[in-house]
Amino acid sequence: MEKKKTSIERVMETSIGLKRTMSTSSAIMVGVGGTIGTGLFLSSGDVISTAGPGGAIVMYLIGGLIIYLMTSCLGELSAAMPVAGSLQAYSTEFISPAMGFTIGWVNWSGGAITITAQIVASAIIMEDILPGTPTWLWIVIFAVILFGVNFLDAKVFGQVSFWVSSLKVIMIAAFAIVGVALLFGAGEGEAIGLSNYTDNGGLFPTGLAGMGAVFLSSFYAYAGTEVVASTAGELKDAKKIPKMINLTIAILIGATVLSIAIVAAILPWQEASLSGSPFVYAFRHAGLNSAALIVNIIVLTSALTSGNYFTYACARYLWSMAKFNQAPKICAKTSKKGVPVIALCVSMLFALIGILSEFFAADTVYKVIIWYIGGANIFMYSVICICQYRFRKRYIAEGGKVEDLPYKVPFFPLVPIAGVAAFAIMLIVTIMDPSERVAMAFCAVCYVLTYIIAYFYTKKHDVTAANLDL
């Protein structure tokens with residue numbers, strides 16, 4: 001009689017086909033580079049102007065704590081089952097094929113829209129650098145660049161990602177040094193000190209209402225942390241996944257909170273907005289227009305690299321769904337270098353809806369994109385915590401020992417439960433804001449319809465019998 005396969009064996013056997021050529025350092029920088037982008041450099045202006053300086057710092061700290069809960073759960077799953085398209089694969093195995101189908105398509109569409117967000121944001125930044133140039137032209141140029149880079153194999157892509165992301169982190173560190181110097185009077189202006197923390201209403205000028213209104217936007221700065229897990233299927237040394245996860249989240253929280261604290265100290269909160277980067281306005285406010293141009297270039301680079309990493313991830317998400325019979329099988333085809341080319345093409349075509357922003361208000365389109373991504377992340381990250389909880393229970397039931405897991409969620413089951421509770425609170429707070437209630441309702445309708453389609457699809461095509469041995 002054939003031995004019954006464990007959950008880990010099922011997931012791993014279904015998700016084969018990519019080549020393991022990426023180094024751990026490259027994977028860390030894929031996670032960092034894929035996350036640090038317009039959520040920090042552009043939409044942080046809206047967060048500061050709505051919540052005030054102290055409110056912005058607190059909300060980014062809360063966002064970092066919540067993302068840590070999710071990332072810990074994802075770390076245990078990825079270390080035990082290092083596969084590409086991990087969110088969809090885990091949801092299929094530990095909840096249901098219908099949920100895996102739903103998570104896969106929501107994750108892919110959210111990732112593809114993130115590519116759009118980064119391309120649109122890059123076009124907005126280019127209008128600030130070169131006033132009068134058409135938005136659509138920059139959208140086309142940037143889309144072609146992202147598409148071309150992603151034809152590279154995982155090893156080369158990882159090496160490029162490492163150096164570009166390292167440059168991004170170095171630039172953030174340089175910004176912090178220059179920002180602190182400005183606070184103490186460096187340059188032509190007077191010392192700013194902490195006056196922007198104490199004047200104009202103090203740290204929390206808009207109170208809890210203002211902080212609640214930016215719950216999604218501040219959380220969006222960390223959107224994409226799960227991208228680091230998409231590298232698991234191509235990581236050369238899968239045993240180093242715990243290190244990869246921990247370093248990624250530590251760098252992200254540290255860089256984000258430090259940057260926001262400095263920007264909020266330099267720039268009066270009323271002058272921040274979504275029409276440009278608050279980092280740029282901070283330098284202009286201090287009289288350093290030439291430095292503002294440099295920061296604009298840094299922001300542009302960050303947006304493009306973040307879009308590049310999501311292009312990489314979306315191709316892997318769609319590839320994984322095809323492997324699980326939840327997307328057209330042609331999307332599972334790879335090139336000789338192991339690149340899922342068909343999935344890449346489909347992802348980029350979907351992402352090009354960003355061209356619509358030329359015919360509508362670019363700022364409005366960008367903000368709607370943020371809402372959709374934020375709603376998708378609340379949904380997906382909650383499912384990740386549930387998957388980890390169910391994985392640990394089933395792992396023990398199948399005879400596994402917790403001490404043998406390469407990465408263990410601390411304080412189990414408190415962390416996954418706290419994660420789900422945190423995302424539920426985030427959803428409630430977001431719905432309480434009338435300006436975001438419609439966005440959440442729209443997202444909910446999309447997810448429910450996707451699940452209904454997924455339910456009947458998996459029943460009709462007998463996905464359960466094909467992929468699960470339960």
Enquirer: Within the structure provided, determine whether Ser122 and Trp138 are in side-chain contact (heavy-atom separation under 4.5 Å).
Expert: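 They are not in contact (no side-chain heavy atoms under 4.5 Å apart), so the answer is no.
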Enquirer: Would a 4.5 Å heavy-atom cut-off, applied to side chains only, mark Ser347 and Thr311 as touching?
Expert: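 When only atoms from C-beta onward are counted, Thr311 and Ser347 do not touch, as no gap falls below 4.5 Å.
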Enquirer: Distance check, rounded to the nearest 0.5 Å: Arg316 atom CZ versus Leu344 atom CG?
Expert: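 The CZ atom of Arg316 sits 8.0 Å away from the CG atom of Leu344.
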Enquirer: Any side-chain heavy-atom pair from Cys314 and Phe350 closer than 4.5 angstrom?
Expert: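 No. Closest side-chain heavy atoms not under 4.5 Å.
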Enquirer: Using the test side chain to side chain contact (heavy atoms under 4.5 Å, CB included), find all partners of Leu65 that sit at least two apart in sequence or belong to another chain.
Expert: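 None.
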Enquirer: Can you tell me if Thr92 uses its side chain to pair, donor with acceptor, with the backbone of Gln88 under 3.5 Å?
Expert: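 Side chain of Thr92 to backbone of Gln88, a donor-acceptor pair under 3.5 Å: yes, one is there.
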Enquirer: Using every non-hydrogen atom in the two residues, find where Ala98 and Ala454 come nearest and quote the distance to one decimal.
Expert: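 Smallest heavy-atom distance, with atoms named: O-CB, 3.4 Å.
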Enquirer: Rounded to the nearest 0.5 Å, how far apart are CD1 of Ile103 and CH2 of Trp108?
Expert: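 One finds 15.5 Å between CD1 of Ile103 and CH2 of Trp108.
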Enquirer: Can you give me the closest heavy-atom contact between Ala56 and Ile48, atom names plus distance?
Expert: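 Heavy atoms only, the tightest pair is CB-CG1, 3.9 Å.
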Enquirer: Sequence neighbours excluded, which residues qualify as ring-ring contact (aromatic ring centres under 6.0 Å, His included) partners of Tyr389?
Expert: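 ring-ring contact (aromatic ring centres under 6.0 Å, His included) list for Tyr389, sorted by chain: Phe412.
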Enquirer: Where is the tightest heavy-atom contact between Asn325 and Tyr457, given as atom of each residue plus distance?
Expert: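 The answer is O-OH, 2.9 Å.
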Enquirer: Quick one: CG on Leu258 to OH on Tyr60, what's the gap to the nearest 0.5 Å?
Expert: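 The OH atom of Tyr60 is 13.5 Å from CG of Leu258, to the nearest 0.5 Å.
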Enquirer: For residues Val409 and Cys73, report the shortest heavy-atom separation together with the two atoms involved.
Expert: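 Shortest heavy-atom separation between Val409 and Cys73 comes out as CG2-CA, 3.7 Å.
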Enquirer: Indicate yes or no for a side-chain donor-acceptor contact from Thr206 to the backbone of Thr50 under 3.5 Å, with no hydrogens or angles considered.
Expert: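 Checking the backbone N and O of Thr50 against the side chain of Thr206, a donor-acceptor pair under 3.5 Å is found.
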Enquirer: Apply side-chain contact (heavy atoms from CB on, under 4.5 Å) to Leu405 and Tyr395, showing your working.
Expert: CA-CA 10 Å; Leu405 289 172; Tyr395 175 76; 3.7 Å; yes
Enquirer: Go through the steps to decide whether Glu93 and Arg394 satisfy the test side-chain contact (heavy atoms from CB on, under 4.5 Å), and finish with yes or no.
Expert: CA-CA 11 Å; Glu93 177 68 21; Arg394 192 185 297 180; 2.9 Å; yes
Enquirer: Nearest heavy-atom pair of Ile139 and Ala123: which atoms, and what distance?
Expert: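 Taking every non-hydrogen atom into account, CG1-CB, 4.1 Å.
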Enquirer: Any non-hydrogen side-chain atom of Tyr381 less than 4.5 Å from a side-chain atom of Ile66?
Expert: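 SC-SC contact between Tyr381 and Ile66 ruled out.
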Enquirer: Is the closest side-chain heavy-atom distance between Phe391 and Ile396 below 4.5 Å?
Expert: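 Sidechains of Ile396 and Phe391: no contact.
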Enquirer: Any chance you could lay out the side-chain contact (heavy atoms from CB on, under 4.5 Å) test for Cys387 and Val383, step after step, and finish with the verdict?
Expert: CA-CA 6 Å; Cys387 284; Val383 170; 4.0 Å; yes
Enquirer: Measuring from Ile384:CD1 to Thr71:OG1, what's the distance to the nearest 0.5 Å?
Expert: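 Here the rounded value is 8.0 Å.
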Enquirer: Could you tell me whether the side chain of Ile141 reaches within less than 4.5 Å of the side chain of Met126, counting heavy atoms only?
Expert: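 In short, these two side chains do not touch, never coming nearer than 4.5 Å.
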Enquirer: Carefully, step by step, assess Lys408 and Val402 under the rule side-chain contact (heavy atoms from CB on, under 4.5 Å).
Expert: CA-CA 8 Å; Lys408 294 175 280 293; Val402 175; 3.7 Å; yes
Enquirer: If you look at every heavy atom in Cys385 and Gly419, which pair is closest and at what distance?
Expert: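 What the structure gives for the nearest pair is SG-CA, 3.9 Å.
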Enquirer: Donor-acceptor check, side chain of Trp319 to backbone of Thr334, threshold 3.5 angstrom: yes or no?
Expert: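 Such a contact is absent between Trp319 side chain and Thr334 backbone.
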Enquirer: Which residues pass the side chain to side chain contact (heavy atoms under 4.5 Å, CB included) test with Leu449, sequence neighbours left out?
Expert: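 Only Val445 meet the side chain to side chain contact (heavy atoms under 4.5 Å, CB included) criterion with Leu449.
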Enquirer: With no hydrogens and no angle check, is any side-chain donor or acceptor of Ser78 less than 3.5 Å from a backbone partner on Gly75?
Expert: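 No; zero donor-acceptor contacts below 3.5 Å.
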Enquirer: Could you work out, with side chain to side chain contact (heavy atoms under 4.5 Å, CB included) as the rule, every residue matching Val341, not counting sequence neighbours?
Expert: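 Phe151, Ser335, Val339, Cys345.
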Enquirer: What I'd like to find out is whether the side chain of Ser96 reaches to under 4.5 Å of the side chain of Phe101, using heavy atoms alone.
Expert: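 They are not in contact (no side-chain heavy atoms under 4.5 Å apart), so the answer is no.
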Enquirer: So how far is it from Ile253 CD1 to Leu61 CG, rounded to the nearest 0.5 Å?
Expert: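 Output value for this atom pair is 8.5 Å.
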Enquirer: With sequence neighbours excluded, tell me which residues meet ring-ring contact (aromatic ring centres under 6.0 Å, His included) with Tyr222.
Expert: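 For Tyr222, no residue satisfies ring-ring contact (aromatic ring centres under 6.0 Å, His included) once neighbours in sequence are set aside.
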Enquirer: Are more than 12 heavy atoms from other residues, nucleotides or ligands located less than 6.0 Å from atom OH of Tyr455?
Expert: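 Open.
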Enquirer: Angle class for the Tyr90/Phe94 ring planes (parallel below 30°, perpendicular above 60°, tilted otherwise)?
Expert: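 Plane angle between 30° and 60°, so tilted.
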Enquirer: Rounded at 0.5 Å granularity, tell me how far CD1 in Ile249 sits from CG in Leu69.
Expert: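 Those atoms lie 9.5 Å apart.
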Enquirer: Taking side chain to side chain contact (heavy atoms under 4.5 Å, CB included) as the test, write out the residues that go with Leu208, two or more places apart.
Expert: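 With sequence neighbours excluded, Leu208 shows a side chain to side chain contact (heavy atoms under 4.5 Å, CB included) to Met211, given in chain and number order.
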